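Since the model is a prediction, treat every value here as computed from it, not as a measurement. All values below come from the heavy atoms of this structure, side chains included, with hydrogens, waters and symmetry mates left out. In listed order, ligands and their atoms are each counted from 1.
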Amino acid sequence: MTSSASEAPSPQDHVLIFDTTLRDGEQSPGATMTHAEKLEIAALLDEMGVDIIEAGFPIASEGDFLAVSEIAKNAKNAVICGLSRANFADIDRCWEAVRHAKRPRIHTFIGTSPLHRDITALDQDGMVSRIHDTVTHARNLCDNVQWSPMDATRTERDFLCRVVETAIKAGATTINIPDTVGYTYPRESADLIAMLRERVPGADEVIFATHCHNDLGMATANALAAVEAGARQIECTINGLGERAGNTALEEVVMALKVRNDILPYRTRIDTTKIMGISRMVAAVSGFPVQYNKAVVGKNAFAHESGIHQDGMLKNKETFEIMRPEDVGLAATNLVMGKHSGRAALRAKLSELGYELGDNQLKDVFVRFKALADRKKEVYDDDLIALMAEASMADEDAYLQIRRLRVICGTDGPQEAELTMSIGGEEKFTDATGDGPVDATFNAIKMLFAHDAQLDLYQVHAVTEGTDAQATVSVRLNLDGVIYSGQSSDTDTVVASAKAYVNALNRLVLHQHRGNLSALMSSAG
Ligand code: KIV
Ligand code: ZN
């Protein structure tokens, strides 16, 4: 048994923030992240004050296991949690990964609704005994154990009370109530937590958590309703990333608790000024851009364009602003950077944009900034955001890397691409033609790295205005129904396209070494 202290039930006015961007978020089709990206996101989550980080699903693959172990070793304050199905092998593997943390947690789950009981071929008694055995096993390894009845909102109420009671008696310290398919409604979400707290013996000894999916757009409302009814842990992800329509968005619940503290008198430990920085980082590495009008972190969340709004804002910001941009790490500045801007100016500017860099990181980003400023007279905020995304995705160990690309274009004939790539450490060269420079480049990549993935999406958008603007290219590949996305920015659209394509292929390669997470989840039991 570990010596790490389990958390005392959260004080009544404190809500724990459990972030599952690296587990549920990473399960979004196409959102596979590299090892280095996971470590960086975990460090940012820890720094911003997330109480519990669900770092992955250790049994899913060697890669998941290593990521969870390393995140556990590096964590400074956060509890590090791993997911496991309801069997001893999963739980043992999870413990092996999280045990390195100062504060480890095992999270184990089983689908309890009639549909899930059919899948696992367990009747009610069989399921109760499985829960008893697996939670007891987890608790013998770790004194901080979270248990979840998957699809709780579609589980018969009496049976739900019975399984929750079993998990508590077996030693679970947190009981998480998932709305796995995003089916519940705020009043129902509150009633469910209230009912469990009232009916289940031992309920006062544990923390109740809420885990909502956003299929009907009610995840944030459902999570907050659960808090009003006594839940003291919200499970959420940055940008609301997650399976299908995603999970409750961390930035939404945290800012709602802050802005509407008059009616939701609860505190979190989150440093909200870190929100924008981590939101951009997650958007970049997951390949899921944030929608422009997304609450809190969308590009337009603090933009005021109409005349009436601008007039009101000039007279009194509170006319149309319920939170200040700086509260979420967004500083309004018009300072344009250029090739004469120094390192200190770059650091200050990036800090205003929500990125706090260490000296080594700044060194690397400064080199990239200088290269960009050489090609582009004026470097705007959006250029720097794209540059930071590019820097965070740079992976020196990536399987596929572009070494050199030369494209020959003309009005009279097929375009030609000459490409040198490193593939698993070996340099290879080819040339190819195509219907346009991007087509020629993609053909060359495919000649060097043959694969069967289909190109589902190729999208270009200008980061700023002007003919020297950077282009951000998004690519989505589909292999047997599994999506792999890649993104890249450059002042040269063809280079950005090549890098985005290779980025998506690297994620495909990475995924081939892992199990299919969704399949693992649906066989939970
Ligand atoms: O949505 C869900 O039910 C889950 C569980 C594993 C907690 O993600
Ligand atoms: Zn989930």
Side-chain angles (χ1 to χ4, degrees), residues 16-29 31 52-60 64 68 81-87 90-91 93-94 98 105-117 119-120 127 130-131 134-135 138 145-155 160 163-164 167 172-184 189 192-193 196 206-216 218-220 222-223 226 231 233-250 253 286 515-525:
L16 297 168
I17 297 295
F18 175 110
D19 181 278
T20 183
T21 306
L22 297 173
R23 199 279 297 168
D24 216 327
E26 213 226 357
Q27 274 171 234
S28 312
I52 304 112
I53 298 173
E54 186 161 56
F57 195 173
I59 195 112
D64 276 62
V68 178
C81 171
L83 185 67
S84 48
R85 292 167 298 181
N87 66 65
D90 267 46
I91 292 169
R93 190 76 175 144
C94 178
V98 297
R105 173 182 291 188
I106 295 175
H107 178 188
T108 179
F109 75 103
I110 191 164
T112 50
S113 65
L115 284 162
H116 284 276
R117 294 202 303 269
I119 294 171
T120 48
M127 185 156 284
R130 174 81 74 91
I131 293 163
T134 49
V135 175
V145 172
Q146 170 166 329
W147 180 75
S148 298
M150 185 164 74
D151 209 11
T153 52
R154 294 190 301 170
T155 300
L160 189 63
V163 288
V164 168
T173 44
T174 298
I175 300 291
N176 175 39
I177 302 300
D179 182 28
T180 306
V181 290
Y183 175 73
T184 206
S189 171
L192 189 57
I193 298 290
L196 290 168
V206 297
I207 293 173
F208 276 92
T210 174
H211 176 112
C212 302
H213 281 266
N214 203 29
D215 299 65
L216 292 171
M218 293 192 283
T220 295
N222 287 334
Q233 175 179 301
I234 299 180
E235 307 213 352
C236 47
T237 58
I238 302 292
N239 300 340
L241 200 65
E243 291 248 51
R244 305 182 312 280
N247 290 62
T248 302
L250 178 146
V253 282
S286 64
N516 183 337
L517 281 180
S518 295
L520 281 181
M521 295 289 292
S522 59
S523 70

Review point. Rounded to the nearest 0.5 Å, what separation is found between the OG atom of Ser148 and the CD1 atom of Ile175?
Key: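 Those atoms lie 8.0 Å apart.
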Exercise for review: Check His211 against ligand 1 and report side chain, backbone, both or neither, counting heavy atoms closer than 4.0 Å.
Suggested key: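 Side chain only.
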**Study point:** Nitrogen or oxygen of Ser148 less than 3.5 angstrom from that of ligand 1
**Key:**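 By distance alone, the answer is no.
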Practice item. Would you check whether Arg23 has a nitrogen or oxygen atom less than 3.5 angstrom from a nitrogen or oxygen atom of ligand 1? Key: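 Yes, since at least one N or O of Arg23 sits under 3.5 Å from an N or O of ligand 1.
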Check your understanding: Would you say the side-chain atoms of Asp151 pair up with the backbone N or O of Gly111, donor to acceptor, closer than 3.5 Å?
Key ->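 Not at all, since once roles are kept as given, no pair shorter than 3.5 Å links the two residues.
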Distance under 4.0 Å to a non-hydrogen atom of [X]: what atoms of ligand 1 satisfy this?
X: His213; result: 1 (O)
X: Asn176; result: 7 (C)
X: Asp24; result: 8 (O)

Review point. Between Thr237 and Asn247, is a side-chain hydrogen bond (donor to acceptor under 3.5 Å, both in side chains) present by the stated rule, with each step listed?
Key: CA-CA 6 Å; Thr237 58; Asn247 290 62; 4.7 Å; no
Point to revise | Donor on one side chain, acceptor on other, Thr153 and Asp179, under 3.5 Å | key: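 Side chains of Thr153 and Asp179: pair found under 3.5 Å.
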Check your understanding: Strictly by modelled atom types, are Thr112 and Thr155 linked by a side-chain donor-acceptor pair under 3.5 Å?
Key ->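 Note: Thr112 and Thr155 side chains meet the donor-acceptor criterion.
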Check your understanding: Any non-hydrogen atom of Gln27 lying under 4.0 Å from ligand 1?
Key ->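 No, Gln27 has no heavy atom closer than 4.0 Å to ligand 1.
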Point to revise | Heavy-atom closest pair, residues Ala172 and Val206 | key: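 Closest pair (atom of Ala172, atom of Val206, distance): O-CG1, 3.4 Å.
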Check your understanding: Which angle, to 10 degrees, forms at the Zn ion (ligand 2) with NE2 of His213 on one side and NE2 of His211 on the other?
Key ->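 Nearest ten degrees: 100°.
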Exercise for review: Please determine which of Thr173, Val98, Thr174 meets the side-chain contact (heavy atoms from CB on, under 4.5 Å) test together with Arg105.
Suggested key: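 That would be Thr174.
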Review point. Is the Zn ion (ligand 2) less than 2.8 Å from at least one N/O/S atom of Asp24?
Key: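 It does: Asp24 brings an N, O or S atom closer than 2.8 Å to the Zn ion (ligand 2).
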